[in-house]
Amino acid sequence: MPDLRLVRLVGLRLCHDIGGVAGTIGNALEMLDSVGSEAATLANDASDVLRRRLTLWRALLGGQGDMTLDALLGLLGGQLSGGRAQADAGTLDPATRIEEEMVPVLLSAMLLGGEALPRGGHVRLAGEPGREWAIWPEGPRAAWPAALLRAITGGALPEDPSGRDVLVVWLAALAGAAGLRLALAVPPNEGAGPLLLSASR
């Protein structure tokens, strides 16, 4: 899929270039004499957030190799629902090896789970590598984005997606390239049902 590869290459280059600048800013801030000042503290915090966000996006773009489940979940720290939600893999082994092509798929699905939690909560992950994964949000007013529901039910993805739709378009493209089928399990009660990522080949 040449379009997917081009997007990945452009995104990785942007992350590389911006990440270098963010690192320089962080190093310069650490050398300030007034490190204890409120302004310096805020600047250091912002630099750290930018660095962690760029690290996450590099992994979202893919091509970074295999990763353990523990490392994957570590990338999501403070990133779900604006820091109001946490990732939870239940009883899955933290040392579980996630194959390279699955890393950006799971990260994208988990981030969408965070967007389904306007008031925070938990984004749960369960499943079996190589067969099927399930991701579901738990929290007040949990609801999957409308664009994801359209994509799963066969609706057309937006040709000119908004900022909130981009992650859905990216997940759909990644899942297709990885030979995965997206589906939503019927929730047993009110709330957002699990998003299923199943091998289709």
Quiz item: Does the side chain of L60 come within less than 4.5 Å of V103's, by heavy atoms?
Solution: no

So CG of L195 and CG of L184: to nearest 0.5 Å the spacing works out to 5.5 Å

R58 side chain to T55 backbone, donor-acceptor under 3.5 Å: no

Problem - I98 side chain reached by D66 side chain, heavy atoms, under 4.5 Å - result: no

Close side-chain approach of L80 to Q86, heavy-atom, < 4.5 Å
no

_Exam field: side chain W144 to backbone G193, donor-acceptor pair closer than 3.5 Å_ = yes

| request: May I ask you to test the L174-S108 pair for a side-chain heavy-atom distance under 4.5 Å? | output: yes

**Prompt:** Are W170 and D165 side-chain neighbours, meaning at least one heavy-atom pair lies under 4.5 Å?
**Reply:** no

On a heavy-atom basis, the closest approach of L117 and A85 is CD1-CB, 3.9 Å

Side chain proximity check, L72 to L107, heavy atoms < 4.5 angstrom
yes

| query | Is it true that V105 and L12 fall in one hydrophobic cluster, defined by side-chain heavy atoms closer than 4.5 Å? | reply | yes

Mind checking whether I18 and W57 sit in one hydrophobic cluster, side chains of I, L, V, M, F, W, Y counted as touching below 4.5 Å? no

Between the CG atom in L125 and the CD1 atom in I135, the distance rounded to the nearest 0.5 Å is 5.5 Å

Residues passing the salt bridge (charged side-chain N to carboxylate O under 4.0 Å, His left out) test with R51, sequence neighbours excluded, are D48

*Check whether more than 12 heavy atoms from other residues, nucleotides or ligands sit under 6.0 Å from atom CD of E99, and answer yes or no.*
no

Between the CE atom in M110 and the CD atom in Q79, the distance rounded to the nearest 0.5 Å is 12.5 Å

So the salt bridge (charged side-chain N to carboxylate O under 4.0 Å, His left out) pairs with at least one residue in residues 107-129 (sequence neighbours excluded) are D88-R124, R124-E138, E128-R131

Scanning both residues in full, the closest heavy-atom pair of S198 with E132 reads OG-OE2, 2.6 Å

Q. Do the side chains of L56 and L54 join up, straight or via other hydrophobic residues, at under 4.5 Å, putting them in one cluster?
A. no

>> Is it the case that over 12 heavy atoms from other parts of the model lie below 6.0 angstrom from the CZ atom of R141?
In response: no

Taken to the nearest 0.5 Å, the spacing of L75 CG from R52 CZ works out to 10.5 Å

Sidechain-backbone polar pair: T68 side chain, A71 backbone, donor-acceptor under 3.5 Å: yes

Between the CD atom in Q64 and the SG atom in C15, the distance rounded to the nearest 0.5 Å is 8.5 Å

Correct closest heavy-atom pair for P137 and A192 would be CG-CB, 3.6 Å

Review point. If Ile, Leu, Val, Met, Phe, Trp and Tyr residues are connected whenever their side-chain heavy atoms lie under 4.5 Å apart, and connections chain through other members, are L149 and L112 in the same group?
Key: yes

For S81 and G114, the nearest pair of non-hydrogen atoms, with its separation, is CB-O, 3.4 Å

Rounded to the nearest 0.5 Å, the CH2 atom of W133 sits from the CG atom of L196 at a distance of 13.0 Å

Closest non-hydrogen contact found for A87 with L76 is CB-CD1, 4.2 Å

Verify same cluster id: L171, L106 (apolar side-chain graph, 4.5 Å):
yes

| query | Can you check whether D93 reaches L69 side chain to side chain, under 4.5 Å on heavy atoms? | reply | no

**Asked** Below 4.5 Å, heavy atoms only, C-beta onward: do P129 and T96 meet side chain to side chain?
**Response** yes

- Query: Should we count CZ of R8 as having more than 12 external heavy atoms under 6.0 Å?
  - Reply: yes

Nearest heavy-atom approach of V168 to A151 is CG1-CB, 4.1 Å

